Amino acid sequence: MKIATWNVNSLRVRLPHVLDWVVDNQPEILCLQETKMVNEDFPEAEIRQAGYNVVYSGQKTYNGVAILSRMHARDVFAGIPGNDDPQRRVMAATVGKVRVVNVYVPNGQEVGSEKYRYKLDWLVKLEEYIQTELGEHQELALLGDFNIAPTDRDVHDPVLWRGKVLCSEPERKALQALVDVGLNDSFRKFEQEPESFTWWDYRAAAFRRNRGLRIDHILCSDSLYTRCLACHVDKGPRKLERPSDHAPVMAEFEG
DNA sequence: ATGGTGGCGCGGCCA
């Protein structure tokens, strides 16, 4: 069973890439972020045609998340319970025995900004939510665009990025606190190529020069992590015409 | 090199 995440930066533009990718890779579950479209515009028919069920929580211009799944998704919930936020950044669903929580963590813009404060506050709310979800589900995956590079080896130039948004200590501590609730980074279970990243700025030929960050993650509860057999970044779609600035990440599980 | 690119939507915000 394969579970994947991909920040598509507009599903309207990236739909052909997504359809090709699911046909080629056949994930059981694919979580999308930054769909950037209202629910009325969501390309549900095209996705169903490719053999996937889909649930989505959209908004105009910004944010928007969706979960594609081979099997029916049940107990679907959009947002963080009790946190009434118009920004569509979270969606949970149960597929088979696995609870999936798809997140698009706020970017934070700049350390010290209002958006940065919002990001840190948001991560505390997410942590409380995940704690509750872990109490109810043995097999849980928290995956998506976290907008945080966990350590310096997830950064192409740690000196340049030191203390900057996506790499600052408060953000890393917030991510660690989330992990400490009972999660594991599936990517780091395995030997990986050095300089493995998931996002590259569109500017300054960052992808060609591999000047990226690893900010998209698949975090697993202990019992799911034990069954994790592989985890990879697929740089293929980032090489296509009009790519997303993020590459998909996919983990494979026993059973 | 204090910029650069891309999406949305048509000026400026956001990443």
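Every chain is numbered from 1 and lettered A, B, ... according to where its sequence line falls, protein lines coming before strand lines. This is a predicted model, so every value here is computed, not measured.
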Once you round it to whole Å, what is the distance between [atom2] of [N] and [atom1] of [X]?
| X | N | atom1 | atom2 | answer |
| --- | --- | --- | --- | --- |
| A:Gln87 | B:dC14 | CD | P | 10 Å |
| A:Arg89 | B:dC14 | CZ | P | 11 Å |
| A:Tyr62 | B:dC14 | OH | P | 5 Å |
| A:Tyr118 | B:dC13 | OH | P | 19 Å |
| A:Glu34 | B:dC8 | CD | P | 10 Å |
| A:Arg209 | B:dA1 | CZ | P | 13 Å |
| A:Tyr104 | B:dC14 | OH | P | 11 Å |
| A:Gln33 | B:dG7 | CD | C1' | 16 Å |

Original post:
Salt bridge check: are A:Glu133 and A:Arg99 linked by an N-O gap of less than 4.0 Å?
Top reply: yes

Subject >> Lys/Arg N to Asp/Glu carboxylate O, A:Arg238 vs A:Asp245, below 4.0 Å >> reply: no

Under 4.0 Å between a side-chain N or O of [X] and OP1 or OP2 of [N]?
| X | N | value |
| --- | --- | --- |
| A:Arg203 | B:dA15 | no |
| A:Ser10 | B:dG6 | no |
| A:Thr61 | B:dG9 | yes |

Distance, [atom1] atom - from [M] to [N], rounded to whole angstrom:
| N | M | atom1 | value |
| --- | --- | --- | --- |
| B:dA1 | B:dG11 | P | 36 Å |
| B:dT2 | B:dG7 | P | 25 Å |
| B:dG4 | B:dG9 | P | 24 Å |

**OP:** Could you pick out which residue, A:Gly108 or A:Arg14, lies toward the 5' side of DNA chain B when each is mapped onto its nearest nucleotide?
**Re:** A:Arg14

Original post:
If you find the nucleotide of DNA chain B closest to A:Lys36 and the one closest to A:Asn63, which residue's nucleotide is nearer the 5' end?
Top reply: A:Lys36

Original post:
Of the nucleotides B:dA15, B:dG9, B:dC8, which one has an atom closest to the side chain of A:Lys60?
Top reply: B:dG9

Original post:
A:Asp145 and side-chain contact (heavy atoms from CB on, under 4.5 Å): which partner among A:Ile215, A:Val105, A:Val249?
Top reply: A:Ile215

Subject >> From A:Arg172 atom CZ to A:Asp154 atom CG, the distance as rounded to the nearest 0.5 Å >> reply: 7.5 Å

**OP:** Is it possible for you to check whether A:Lys2 lies under 6.0 Å from the centre of the six-membered ring of A:Phe253, through NZ or CZ, and within 45° of that ring's axis?
**Re:** no

